[in-house]
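Order of the sequence lines sets the chain letters (A, B, ...), proteins ahead of strands, with each chain counted from 1.
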Amino acid sequence: MTKKLLLIDGNSLAFRAFYAMYQQLDRMVTPEGLHTNALMAFNNFLESIVLPMQPDFALVAWDAKSGKETFRGDLYADYKSGRDKTPVEFKEQFPYLREMVLAHGLHNYEQNGLEADDIIGTLSREGEKAGDDVIIITGDQDLTQLATDKVTVKITKKGVTQIEEYTPAYIQEKFGLTPAQIIDKKALTGDTSDNYPGVTKVGEKTALKLLTEYHDLDNLYAHVDDMKKSKMKENLIADKEVAYRAQKLATIITDADLSISLDDLAYNGPKTKGLVELFESLHFKSALAKLKAHQLVDQDDTSVEEAESQSANFHPVKELDEAALADLAKADTLAIQIDTDADNYHTADMLAFAIGNDDLGYFASRDFTWFENQTLRDLIENPEQKLRLFNAKEVWVLMHRLDLTLAGVDFDFMLVAYLLDTVGNDNVLSTLAARFGLYLPADEDFYGKGAKFAVPTDDQEVYDHLGHKAEALYGLRDKAFEELAEHKQTALYHDIELPLSFVLAKMEAQGFAVKEDRLEKMGQELDEKISQLKEEIYQIAGEEFNINSTKQLGTLLFEKMNLPVIKKTKTGYSTAVEVLEELAPQAPIVSHILEYRQLAKIKSTYVDGLLAVVDQADQKIHTRFLQTLTQTGRLSSVDPNLQNIPMRTEEGRKIRHAFVPSHPNWLIFGADYSQIELRVLAAITGDPNMKKAFMEDEDIHAETARAVFGLKADEPVDANHRRTAKAVNFGIVYGISDFGLSKNLGISRKDAKSFIETYFKEFPKIHGWMEQIKEQAHKDGFVETIEHRRRYLPEINAKNFNRRSFAERTAMNSPIQGSAADIIKIAMIKVDQALTKEGLQAKMLLQVHDELVFECPKEELEQVRKLVTSVMDSAVSLSVPLKVEDHAGPTWYEAK
DNA sequence: GAAATCACG
DNA sequence: ACGTACGTGATTTCC
């Protein structure tokens, strides 16, 4: 029987624990004055992660107290220097952390001259030799170098209870490196947190490229002379010693002389008495209560769980077999459920699937080779077999990964539930089913969340879980459809959202091709500018500080430099752009900070952020569009968000140069609705003045200015007047208030109020509609779009003025924003159909609220232009024309 | 894990 | 008098 050895990096986890609950720091103090936030989080970690693991051996390794006296300190004097002092509130918790480890039945170990890493490295190799399964838990990515087939490194992602598992395969997939190459990567790049340098100008990306080409450091230097002349080559040669020193610093020792061995690490579970004493001394009341409750349960023989599982009235779930599949293949209607181990279904592992109906029963399997079976393949691809499921877009993508094209979806409960009510929708099957009185165990409870996520070892448990979900989906359909009909939303579902799901699925799977080298080059240029700016800022400030820290920046600007405080936040001084722009004329440092902020944002979110999500298999970015999230009917985009790629500043906009067509001689083509929200407003309200402006294709903001400022039709409009009118138009769309407008324009509330009054006089039907929609919201509790998309406003009758006012503005905004969303969704479906019908190769890639982005062969451009713009401007028929503008070019940069 | 900031429509 | 413009997502700090 293979033994399980658990090795925990105490320092790094305790550190994470401290900051995971940092905001609780002041609240979590014992009467004796001891801070307990890290202890609390560490205890949660031990209970939720370690306890369920049931290791045979377990150790928590700690860094030696006399920190610097390791061989690394001898090798490089500045090793780990420049770190901030450990806060006393954290330090004082250390002795208790060690006690806690013991009470939970684990062992502590530390040794002079060694860091926790080295202890873990040495023991993991020993465990491996003994044939054990080794699990390392840490917050430090450096330890991934220890991963092997027998050694898994688990790294905390967020706090201490969400964990990512690094196997050699996963490391290869994520970094493109073997565990051993992780060391050489650090040899080349150095490590800023441990404060040692690598080769000059070599960062993450360059290192990766070099290692891909030369495999390791020795081989690289063996061939360095053959490299073609470049600055990088010179740097590599000049910094050879630095690189080898960094390699030594980065290498975790795996053969240290320890005074313990595996046999000393036996784990026999928590020691109740020790825990009780510890919790009492730390005043951990709830942990204590839980502990006592558990002791009671343990003595009780009747199993609560068993009683519960029998009470639910589900069909038994059987393992799928050939005979069952043959029967299922003949069914008209089936429910299907597939579970994955992560949200991102483009990359997640598929865990299990279930399929069935109430007549034939439900069948499940964890074996995805079933999808090589022709009977099952036909079933998935047969449009005549009606499927009931949860999240058709996800299932389409999962099937696509198995080379199948999902067809025949009849009921997508996720979509229907979203259309019925967006409020409080968490997109979780169990909670949405509960709205219909059907109670299922939540995935989060079944699998655990974050670090606790684990698939039960008993397959039957998993089959039951999925089978019951499938059965729920099967049963929910009729009632859910009935409610849709009551809402007059049947067409919205059948003709818009469901077909859109598949359009979006195709777009996601298609992906947007990205030139990594362009992003990398931008990243290097940005890095140079950023470090220059940093130097200048430090120079002017007369000290070094973390410019990213609003707290430190606030101290500098408002305490040391005594600049006027313009705005405060909940926690201190505001250093937001508006504030800094106002301060810029008074202190030259401020404009440097503004520039630094801008560039740092571009570098971290867009250059680094996007590079991190490029699919290495096809050099593309595959976002996920969330179709059931927003309260208005818009889409959102995650992992990464491709709906907020910079546009407004030239510096940021350059990011779009990296977004390119996926074939040579193709182009990026963009088409966007001009002023769609104001056109929708004009159409919905029927206001004659605003309609006229659009029907005559006038500049709407200029026309608004003419109306509000009483100018004649042919009188030129002053830029300032136009700017004001534009702000009022925006305000109208957002659900106008004099306060908001005055703030936006920097004018008095009185002036803002009079602008609004004049506006409503000039556009009387807009005013009438605003009043009417608010009244309707108060009466019905919801508002609707042109396609009967509904938004409930539970706070429309709130006593609290703020809440009620917010609901009223929402009542005015949602039909406008939501109807615009309806229109572009309809356009997307029609464009997709038209492209197919015309046999064009062009592919739709993105939707950005009022804009669609495509790639197409150069030769198709004219045809695609005509087709897309005409489909878009005739997507729906309004009493106001829709206008579409388009742009094309070799990259996304030019296509807007 | 909340708050601040900033990117988009 | 109340005090905010509408809808999103990602990164960073906190030390």
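Taking a cutoff of 4.0 Å between a charged side-chain nitrogen and a carboxylate oxygen, A:Lys534 and A:Glu544 do not qualify as a salt bridge. Taking the charged nitrogens against the carboxylate oxygens, A:Glu497 and A:Arg789 do have a contact shorter than 4.0 Å, which makes a salt bridge.
Contact check, A:Lys551 against C:dC15: a side-chain N or O comes under 4.0 Å of OP1 or OP2. Between B:dC6 and A:Arg597, a contact under 4.0 Å exists linking OP1 or OP2 to a side-chain N or O. Taking 4.0 angstrom as the limit, A:Asn548 places none of its side-chain polar atoms (N or O) nearer than this to OP1 or OP2 of C:dT12. The phosphate of C:dT12 has neither OP1 nor OP2 within less than 4.0 Å of any side-chain N or O from A:Thr550. Distances shown here put a side-chain N or O of A:Thr575 below 4.0 Å from the OP1 or OP2 atom of B:dT5. Of the side-chain N and O atoms in A:Arg648, one or more sit less than 4.0 angstrom from OP1 or OP2 of B:dG9. One finds a side-chain N or O of A:Ser604 lying less than 4.0 angstrom from the OP1 or OP2 phosphate oxygen of C:dT12. Taking side-chain N and O atoms only, A:Lys601 has no distance below 4.0 Å to OP1 or OP2 of B:dC6. The side chain of A:Thr810 contributes no N or O atom lying less than 4.0 Å from OP1 or OP2 of C:dC6.
For C:dT11, its base never sits under 3.5 Å from the side chain of A:Thr605 at any donor and acceptor pair. A:Arg809 contributes a side-chain N or O that forms a donor-acceptor pair with the base of C:dT4 under 3.5 Å. Donor-acceptor pairing under 3.5 Å, judged by distance alone, is absent between the side chain of A:Arg791 and the base of C:dG7. Contact of A:Arg803 with C:dG3 (side chain to base): no donor-acceptor pair of N or O atoms is detected under 3.5 Å.
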What side-chain donor-acceptor pairs closer than 3.5 Å can you find for residues 734-745 of chain A, not counting sequence neighbours?
from, atom 1, to, atom 2, distance (Å)
A:Ser737, OG, A:Gly740, N, 3.0
A:Ser742, OG, A:Asp738, O, 3.3
A:Ser742, OG, A:Phe739, O, 2.8

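If you measure from atom CG of A:Leu629 to atom C1' of C:dT8, you get 8 Å, rounded to the nearest angstrom. If you take CD1 of A:Ile756 and P of C:dT4, they are 16 Å apart, rounded to a whole angstrom. Distance CG (A:Leu553) to P (B:dT5): 9 Å, rounded to an integer number of Å. Atom CG in A:Leu681 sits roughly 17 Å away from atom P in C:dC6 (whole-Å rounding). As rounded to whole Å, 15 Å separates atom P of B:dA7 from atom NZ of A:Lys654.
The residue A:Ser637 sits close only to the backbone: its heavy atoms come under 4.0 Å of sugar-phosphate atoms, none of a base. Backbone-only contact: A:Val848 has heavy atoms under 4.0 Å from sugar-phosphate atoms and none from a base. In this structure, A:Leu741 reaches the bases: a heavy-atom distance under 4.0 Å links it to at least one base atom across the strands shown. No engagement by A:Ile602 is indicated, since no non-hydrogen atom pair under 4.0 Å with the nucleic acid exists. A:Glu851 comes within 4.0 angstrom of nothing in the nucleic acid, heavy atoms only. A:Asn644 comes within 4.0 angstrom of a nucleotide base, judged by non-hydrogen atoms across all strands. Looking at heavy-atom distances under 4.0 Å, A:Phe806 makes contact with sugar-phosphate atoms alone, never a base. Across all strands shown, A:Asn802 has heavy atoms under 4.0 Å from sugar-phosphate atoms exclusively, and none from any base. Within the 4.0 angstrom heavy-atom criterion, no nucleotide atom of any strand lies near A:Asp608. Nucleic acid contact for A:Ser814: none, since no nucleic acid atom lies under 4.0 Å from a heavy atom of the residue. Contact annotation for A:Ala727: base contact, defined as any heavy-atom pair under 4.0 Å involving a base atom. Nucleic acid contact for A:Glu677: none, since no nucleic acid atom lies under 4.0 Å from a heavy atom of the residue.
In the set B:dA4, C:dG3, B:dG9, B:dA4 carries the atom at the smallest distance from any side-chain atom of A:Lys570. Proximity note for A:Gln817 (side chain, C-beta onward) versus C:dA10, C:dC15, B:dG9: the nearest is B:dG9. Listed candidates were C:dC15, C:dG9, B:dG9. Nearest to the side chain of A:Asp850 is B:dG9. Distance from the side chain of A:Tyr734 is smallest to B:dG9 among B:dC6, B:dG9, C:dC15. Checked against B:dT5, B:dA3, C:dG9, the side chain of A:Thr571 finds its nearest nucleotide in B:dA3. Considering only side-chain atoms of A:Arg634, the nucleotide from C:dG7, C:dA10, B:dC6 that sits closest is C:dG7.
Legend: residues meeting side-chain contact (heavy atoms from CB on, under 4.5 Å) with A:Phe801, ordered by chain and number and at least two apart, are A:Arg804, A:Ser805. Checked against salt bridge (charged side-chain N to carboxylate O under 4.0 Å, His left out), A:Asp343 has no partners two or more places apart in sequence or in another chain. Checked against side-chain contact (heavy atoms from CB on, under 4.5 Å), A:Lys603 has the following partners two or more places apart in sequence or in another chain: A:Leu526, A:Asp527, A:Ile530, A:Val607, A:Asp608.
Heavy-atom contacts from other residues, nucleotides or ligands closer than 6.0 Å to NZ of A:Lys753 number 12 or fewer. At most 12 heavy atoms of other shown residues, nucleotides or ligands fall within 6.0 angstrom of atom CZ in A:Phe730.
Using a 5.5 Å limit on the distance between ring centres and a 30° limit on the angle between planes, the aromatic ring of A:Phe18 does not count as stacked on the six-membered base ring of C:dC15.
Just one residue in the list A:His778, A:Lys774, A:Arg803 forms a side chain to side chain donor-acceptor pair (under 3.5 Å) with A:Glu808, and that residue is A:His778.
Residue-to-nucleotide proximity on DNA chain C shows that, of A:Gly609 and A:Ile732, the 5′-proximal contact is made by A:Ile732.
Under the salt bridge (Lys or Arg N to Asp or Glu O under 4.0 Å) criterion, the residue pairs touching residues 629-647 of chain A are A:Arg624-A:Asp639, A:Arg634-A:Glu677, with sequence neighbours excluded.
Separating the P atom of B:dA7 from that of C:dG3 is a span of 30 Å, rounded to the nearest Å. Nucleotides B:dC6 and C:dC2 are separated by 29 Å at their P atoms, to the nearest Å.
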message = As a quick check of understanding, evaluate ring-ring contact (aromatic ring centres under 6.0 Å, His included) for A:Phe15 and A:Phe18, giving each step before the final call.
response = CA-CA 5 Å; A:Phe15 190 77; A:Phe18 181 71; 7.5 Å; no

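Remark: DNA chain C takes part in the stems B:1-9 with C:6-14, each of 3 or more antiparallel Watson-Crick or G-U pairs, criterion distances under 3.5 Å.
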